2 protein chains.
Amino acid sequence: MVSEKTIGRLSLYRRLLAGLLAENRQNIYSHELASMAGGTAPQVRRDLMSIGYSGSPAKGYEVADLAESINSFLDNPSGTRAAVVGAGNLGRAIMSYFESRRPKLRIAASFDNDPNKIGSEICNRPCYDIADLKTTVARMDIRLGVITVPADIAQEVGDKLVDAGVTGILNFAPKRLHFPENVYVEHVDLTTSMEKVAFFVRSDTNPNAPEA
Amino acid sequence: MVSEKTIGRLSLYRRLLAGLLAENRQNIYSHELASMAGGTAPQVRRDLMSIGYSGSPAKGYEVADLAESINSFLDNPSGTRAAVVGAGNLGRAIMSYFESRRPKLRIAASFDNDPNKIGSEICNRPCYDIADLKTTVARMDIRLGVITVPADIAQEVGDKLVDAGVTGILNFAPKRLHFPENVYVEHVDLTTSMEKVAFFVRSDTNPNAPEA
DNA sequence: TGTTGTGAATCTCTTCACAGCT
DNA sequence: AGCTGTGAAGAGATTCACAACA
């Protein structure tokens, strides 16, 4: 079993490897990947071990081959379709980020309740009426929902998504959502992230601060 | 010493308490707060213990008093000023979220390099030229920087922020940034978050799935 | 020499379990 | 009876440290 944290780091390694690939880099050592990823060398080795990938003591890891191994570990071979609910600033930001980034993970549509948005194209994908969420999500075989609506309707939107067959949710609304346990939820809490940084801005509280 | 994770949860508790306060709730038990926060009762008690707050076995915790204790633990009494660098969709989303939410944490300005934005008001705060970042950040006594610029200039922007006196950075660019150790950095990696959820969408990989 | 792969040790965080209180 | 506060146990994740190898 591969831990949740390792999954996150593999996603990061893959992105770093893509960059290396673009500059025709052939091989890389664990300590190099670690420093790019902001981690440690043993951790990189453990992570790669966990997906059964082996390097060589002489040359480290082969960039292209490793990237391919991570792809086949992380990606669903038949692809994953996602939808963004709430086509505001944040929703559009997410859609822009994912504009044709990964072939196996596509944001296929967005939903909103604003008549000016419904029926139009937002970030090159159709924007549908949130009232039609259930039927449309089911019809398009969407399995991942990104919630970027205000907190007060987030749970309701989430329930509709799950009802339509979604089994993974990325929630940006500043509210904890609750779902059946077969649904995987990731909360990205921007308010908390800000407040955490604000706390550690006070130098006397920074856990990484050098010894006094 | 209070752990980083506890800080994050305290921020969440505080927000939940504010909601309870709005409905005139007087007291709350650890298990209730836990279920709202998506955690466990002992964890809530430990977190509160770590800031030296005590409840009573009879009535649990006093909502208003606890909220006040968390405030005084988390907030810098003299306030914290923040700036968003990159006034795109994501930058504006963050600014909207923080429109007058917390009195002690204010996003005071944004920076961009788009001549159409520079000099205008974005989300009710002035947008300055990114070229003037150093002087403006120093002048406004901004200590927290939010990076929402493209990956290729994120490190450069971060260096300028640090150079101007910022000691906390919230980075949304899909790239690990490196800073001196007196600077606290939090990476919010939207790509990784999406890819993590995509991985667990496959029911056979969901760590919370019920026993087969 | 410098690397990988990995058992063992360590560290960190969470949960248990129960005394003490009301 | 049902809660809080907390020492002790447990679980998980990270790092150490070293054998094996090129």
Side-chain angles (χ1 to χ4, degrees), chain A residues 1-13 17 20 25-63 65-66 69-70 73 176 187 192 196 200 205-208 211, chain B residues 1-13 17 20 25-63 65-67 69-70 73 176 181 187 192 196 200 205-208 211:
Chain A
M1 233 328 72
V2 180
S3 83
E4 232 171 301
K5 292 198 171 165
T6 294
I7 302 298
R9 285 189 299 261
L10 287 170
S11 155
L12 173 58
Y13 300 156
L17 290 168
L20 292 168
R25 181 75 181 273
Q26 295 284 319
N27 302 283
I28 189 161
Y29 295 118
S30 60
H31 65 90
E32 298 175 290
L33 202 46
S35 102
M36 284 187 280
T40 66
Q43 179 148 84
V44 168
R45 297 201 296 273
R46 275 240 186 269
D47 288 337
L48 301 188
M49 203 179 71
S50 75
I51 61 165
Y53 191 85
S54 288
S56 93
K59 308 204 136 194
Y61 302 94
E62 287 183 38
V63 175
D65 190 46
L66 173 54
S69 286
I70 297 179
F73 178 79
R176 291 318 266 207
H187 291 275
T192 286
K196 245 174 93 172
F200 291 114
T205 55
N206 183 337
N208 307 312
E211 297 296 313
Chain B
M1 237 320 80
V2 180
S3 84
E4 233 171 300
K5 291 197 172 165
T6 295
I7 302 298
R9 284 189 299 261
L10 287 170
S11 155
L12 173 58
Y13 300 155
L17 291 167
L20 293 168
R25 180 74 180 271
Q26 296 283 320
N27 302 282
I28 190 163
Y29 294 119
S30 60
H31 65 91
E32 299 175 290
L33 202 46
S35 103
M36 286 187 278
T40 66
Q43 179 147 84
V44 168
R45 296 201 297 272
R46 276 236 184 270
D47 288 337
L48 301 188
M49 201 179 73
S50 75
I51 61 165
Y53 191 84
S54 288
S56 94
K59 309 203 138 198
Y61 303 94
E62 288 183 36
V63 175
D65 191 46
L66 174 53
S69 286
I70 298 180
F73 178 79
R176 293 315 267 207
E181 61 181 348
H187 291 275
T192 286
K196 246 173 93 173
F200 291 114
T205 54
N206 183 336
N208 306 314
E211 298 295 314

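Note that this is a predicted model, so its numbers are computed, not measured. Below, read A as the first sequence line, B as the second, and so on, with proteins coming before strands; counting in each chain starts at 1.
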(message) With a 4.5 Å cut-off on side-chain heavy atoms, are A:Val44 and A:Asp47 touching?
(response)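 The answer is no, as the side chains (C-beta and beyond) never meet within the 4.5 Å cut-off.
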
(request) Indicate yes or no: at least one non-hydrogen side-chain atom of B:Ile7 is less than 4.5 angstrom from one of B:Glu4. (result)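 Sidechains of B:Glu4 and B:Ile7: no contact.
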
(request) With a 4.0 Å heavy-atom cut-off, tell me which residues in residues 51-62 of chain A come close to DNA chain D, sorted by residue number. (result)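 A:Pro57, A:Ala58, in order of number.
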
(message) Closer than 3.5 angstrom, by distance alone: can the side chain of A:Tyr29 be matched with the main-chain N or O of A:Ala58 as a donor-acceptor pair?
(response)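 Such a contact is found between A:Tyr29 side chain and A:Ala58 backbone.
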
(request) Answer with yes or no whether A:Arg46 presents, from its side chain, a donor or acceptor under 3.5 Å of a partner atom in the base of D:dT14. (result)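 Not at all, since no donor on one side and acceptor on the other fall under 3.5 Å apart.
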
(request) Record whether the side chain of B:Arg45 comes under 3.5 Å of the base of D:dG7 through a donor-acceptor pair of N or O atoms. (result)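 When only heavy-atom distances are counted, B:Arg45 does not reach the base of D:dG7 through any donor-acceptor pair under 3.5 Å.
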
Nucleotide [N], atom [atom2] - distance to [atom1] of [X] in whole Å:
X: B:Leu48; N: D:dT4; atom1: CG; atom2: P; value: 9 Å
X: A:Ile7; N: D:dA13; atom1: CD1; atom2: P; value: 11 Å
X: A:Glu4; N: D:dA11; atom1: CD; atom2: C1'; value: 15 Å
X: A:Leu10; N: D:dA13; atom1: CG; atom2: P; value: 14 Å
X: B:Gln43; N: D:dG5; atom1: CD; atom2: C1'; value: 15 Å
X: B:Tyr29; N: D:dT4; atom1: OH; atom2: P; value: 7 Å
X: B:Met1; N: C:dC11; atom1: CE; atom2: C1'; value: 17 Å

(message) For a quick test of reading the model: is some side-chain N or O of B:Thr40 closer than 4.0 Å to OP1 or OP2 of C:dT15?
(response)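 The answer is yes; a side-chain N or O of B:Thr40 sits under 4.0 Å from OP1 or OP2.
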
(message) Does C:dT14 have OP1 or OP2 under 4.0 Å away from a side-chain N or O of B:Arg9?
(response)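 Looking at the OP1 and OP2 atoms of C:dT14, one of them is under 4.0 Å from a side-chain N or O of B:Arg9.
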
Which distance, rounded to the nearest 0.5 Å, do you find between the [atom1] of [X] and the [atom2] of [Y]?
X: B:Tyr13; Y: B:Leu66; atom1: OH; atom2: CG; answer: 10.0 Å
X: B:Arg46; Y: B:Arg9; atom1: CZ; atom2: CZ; answer: 11.0 Å
X: A:Lys196; Y: B:Thr6; atom1: NZ; atom2: OG1; answer: 10.0 Å

(message) Among C:dA17, D:dA13, C:dG5, which nucleotide has an atom closest to any side-chain atom of A:Lys5?
(response)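 From the listed options, D:dA13 comes nearest.
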
(message) So if I take every side-chain heavy atom of A:Met49 and compare against D:dG5, C:dG5, C:dT4, which nucleotide ends up nearest?
(response)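 Closest of the options to the side chain of A:Met49: C:dG5.
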
(request) May I ask you to say what A:Ser30 touches in the nucleic acid, namely base, sugar-phosphate or nothing, with a heavy-atom cut-off under 4.0 Å? (result)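 Sugar-phosphate contact only - A:Ser30 comes under 4.0 Å of backbone atoms but never of a base.
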
(message) Holding to salt bridge (charged side-chain N to carboxylate O under 4.0 Å, His left out), I want the full list of residues that pass it with B:Glu32, two or more places apart in sequence or in another chain.
(response)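 Expected list: B:Arg25.
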
(request) Would you kindly compare B:Asp47 and A:His31 by the position of their nearest DNA chain C nucleotide and give the one closer to the 5′ end? (result)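 Closest to the 5' end, via its nearest nucleotide, is A:His31.
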
